[in-house]
Amino acid sequence: MPALKTEHGILTETPAILAFIAQSHPKAALAPLADAFAFARMQAFNSYLCSTVHVAHAHRMRGYRWVDDAAAIAAMQAKV
């Protein structure tokens, strides 16, 4: 689990951490802070990466977390 220790406390979850960093350093132009809709679309994409792409990748690399059967792990890796 990603975590970021800040002066306000600890943040977890990648989209929250990325938004915090972007908003903490506006001159770096890491996100479209002046456009609420564009910022929301960026957050939607970051959430997609975390909840869909990352999960699929985890099945390929760490299938043993879900099953003990070598054939089932191989099948998950092939599917991903």
Please report, to 0.1 Å, the donor-acceptor pairs under 3.5 Å made by any side chain of residues 5-12, with sequence neighbours excluded.
from: T6; atom 1: OG1; to: H8; atom 2: N; distance (Å): 3.0
from: T6; atom 1: OG1; to: G9; atom 2: N; distance (Å): 3.1
from: T6; atom 1: OG1; to: G9; atom 2: O; distance (Å): 2.7

key: Euclidean distance, L18 CG relative to C50 SG, rounded to 0.5 Å   = 7.5 Å

request  = Please examine the side chains of M42 and P32, heavy atoms only from C-beta on, and report whether any two atoms are closer than 4.5 Å.
outcome  = yes

request  = Could you grab the distance from atom CZ of F20 to atom NE2 of H25, nearest 0.5 Å is fine?
outcome  = 7.0 Å

remark   = Note: F39 and A19 closest approach over all heavy atoms is CZ-CB, 3.7 Å

ask   = Where do P2 and T14 come nearest, in terms of heavy atoms and distance?
value = CG-OG1, 3.3 Å

request  = Can you see which heavy atom on P15 is nearest to which on S47, and at what distance?
outcome  = CG-OG, 3.8 Å

